[in-house]
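Beneath this line is the structure, given in structure tokens, with notes to follow.
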Amino acid sequence: MRNNTIGKLAWDYDKNDNSSLNTYDNNWHTATLQKLLNNSYYNGTGTITYYNSDSANGSVSLNMNNIGIKNTATRNMISETNWYLGGLDTSGIYSNQIYQYERGTQKCNGCTYETIWKGNIALPYLSDYSYSSDFSICTDTSGDVCRDTNWMYPIMTADGTQHSWLLTPFSSYSNFAWSVYSGGGVSIGNDVTYAFGVAPVLYLSSELEIESGNGTSDNPYKLSAKQLI
């Protein structure tokens, strides 16, 4: 997961494909954010104007030369993999239950997209965010503790100043997806055209090894491709 968000962007807003369109939905296969992350961001080239529906952030300029994937060596470390698009429409359940929903087939009435998408770059799952708290001290009656021990919270909310998108669709409506809001909780009632923070995530190839570092912020891991004999 990237250690900061790349901007406040719509999950899907078809104006980014065609300036005459104002349509949108929670189909990640065709979402304009998915296309941005797996093309301009993945290739690390170009300056992109990205459109959102809200007036405060109606358009955002993104310099992918600065914020995108830097080079071919880095791209070669990324694994193209299956991402799961099963939705849910309930709250107050545990992380393992959310995980099962995400790998299920539940989606909105009339939605026909496949609940598995294969690609390189996506967003964190709702279950990722839920699992990221310290369960040894976080309980269902200690909301502030859950938030303050969640390592993803300061990244996704810019330390409590923004909302950010999650990959998981809200299955009751075709135009909603789950998000993390600035207070640290999660929300279902978000139209996918809203401009929320975007923290790209990816899977690393299994053909990597740790070259140096111990994984701390002062001495992060440096990865390299395995030496094949």
Kindly list each side-chain donor-acceptor pair under 3.5 angstrom involving residues 76-84, sequence neighbours excluded, with atom names and distances?
unit_1, atom_1, unit_2, atom_2, d
Asn76, ND2, Thr72, O, 3.4
Trp83, NE1, Gly119, O, 3.2

Same cluster or not: [X] versus [Y], using hydrophobic residues (I, L, V, M, F, W, Y) connected whenever any side-chain heavy atoms lie under 4.5 Å apart?
X      : Y      : value
Ile210 : Leu204 : yes
Phe135 : Val186 : no
Ile69  : Tyr221 : yes

For the residue pair Tyr131 and Tyr99, categorise the inter-ring angle as parallel (less than 30°), tilted (30 to 60°) or perpendicular (more than 60°).
-> perpendicular
For the residue pair His163 and Phe196, does the interplanar ring angle fall in the parallel (under 30°), tilted (30 to 60°) or perpendicular (over 60°) class?
-> perpendicular
Where do [X] and [Y] come nearest, in terms of heavy atoms and distance?
X      : Y      : value
Ser187 : Tyr181 : CB-CD2, 3.9 Å
Ile48  : Ser40  : CD1-OG, 3.4 Å
His29  : Trp117 : ND1-CD1, 3.5 Å
Pro169 : Gly86  : CD-O, 3.9 Å
Leu37  : Ala122 : CD1-O, 3.9 Å
Met152 : Ser132 : SD-OG, 2.8 Å

Is there a donor-acceptor pair under 3.5 Å between the side chain of [X] and the backbone N or O of [Y]?
X      : Y      : result
Asn38  : Asn120 : yes
Asp128 : Pro124 : no
Gln100 : Gln97  : no
Ser53  : Thr193 : yes
Ser130 : Leu126 : no
Ser133 : Cys146 : yes
Lys107 : Tyr113 : yes
Tyr42  : Gly68  : no
Asn43  : Thr45  : no
Asn22  : Lys15  : no

[X] versus [Y]: any side-chain heavy-atom pair under 4.5 Å?
X      : Y      : result
Val201 : Ile121 : no
Asn52  : Val60  : yes
Thr5   : Ser164 : yes
Ser59  : Tyr50  : no
Pro200 : Ile6   : yes
Val180 : Leu166 : yes
Ser91  : Ile188 : no
Ile155 : Met1   : yes

Does OH belonging to Tyr101 count more than 12 external heavy atoms closer than 6.0 Å?
->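 No, because the 6.0 Å sphere around OH of Tyr101 holds 12 heavy atoms or fewer from other groups.
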Near Asn109 CG, under 6.0 Å, is it more than 12 heavy atoms from other residues, nucleotides or ligands?
->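 Counting other residues, nucleotides and ligands, CG of Asn109 stays at 12 neighbours or fewer.
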Might you work through the side-chain contact (heavy atoms from CB on, under 4.5 Å) test for Lys8 and Gln162, ending with a clear yes or no?
-> CA-CA 9 Å; Lys8 295 180 179 179; Gln162 71 175 15; 3.4 Å; yes
By salt bridge (charged side-chain N to carboxylate O under 4.0 Å, His left out), which residues pair with Lys118, not counting sequence neighbours?
-> none
Contacts of Lys70 that satisfy salt bridge (charged side-chain N to carboxylate O under 4.0 Å, His left out) - sequence neighbours left out |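 Checked Lys70 against salt bridge (charged side-chain N to carboxylate O under 4.0 Å, His left out); zero matches.
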Indicate, with yes or no, if the rings of Trp28 and Trp11 have centres closer together than 6.0 Å.
-> yes
Quick one: do the [X] and [Y] side chains pair a donor with an acceptor below 3.5 Å?
X      : Y      : result
Asn190 : Ser179 : yes
Thr216 : Asp218 : no
Ser171 : Gln106 : yes
Ser172 : Asp89  : yes
Ser127 : Glu102 : yes

How far apart are the C-alpha atoms of Leu88 and Thr168, what are their side-chain angles, what is the distance that settles it, and do they pass the side-chain contact (heavy atoms from CB on, under 4.5 Å) test?
-> CA-CA 8 Å; Leu88 68 153; Thr168 309; 3.5 Å; yes
From [X] [atom1] over to [Y] [atom2], what is the distance, rounded to the nearest 0.5 angstrom?
X      : Y      : atom1 : atom2 : answer
Cys108 : Phe176 : SG    : CZ    : 11.5 Å
Leu123 : Tyr129 : CG    : OH    : 15.0 Å
Asp134 : Ile137 : CG    : CD1   : 4.5 Å
Ile98  : Ile93  : CD1   : CD1   : 5.0 Å

Dump the intermediate steps for side-chain contact (heavy atoms from CB on, under 4.5 Å) on Leu208 and Ser224, then the final yes or no.
-> CA-CA 6 Å; Leu208 298 177; Ser224 63; over 6 Å; no
Give the intermediate values and the outcome of side-chain hydrogen bond (donor to acceptor under 3.5 Å, both in side chains) for residues Thr23 and Tyr13.
-> CA-CA 6 Å; Thr23 50; Tyr13 192 39; over 6 Å; no
Report the C-alpha distance between Asp14 and Thr32 in whole Å, list the side-chain angles of each, state the deciding distance to 0.1 Å, and finish with yes or no for side-chain contact (heavy atoms from CB on, under 4.5 Å).
-> CA-CA 7 Å; Asp14 292 339; Thr32 53; 4.1 Å; yes
Do Arg2 and Tyr41 meet the cation-pi criteria used here (NZ or CZ under 6.0 Å from the six-membered ring centre, within 45° of the axis)?
-> no
In sequence, state the C-alpha distance, the side-chain angles, and the governing distance for Asp25 and Asn27, and then conclude on side-chain hydrogen bond (donor to acceptor under 3.5 Å, both in side chains).
-> CA-CA 6 Å; Asp25 57 41; Asn27 178 359; 4.9 Å; no
Partner of Lys35 under side chain to side chain donor-acceptor pair (under 3.5 Å), chosen from Asp12, Thr30, Asp17 = Asp17
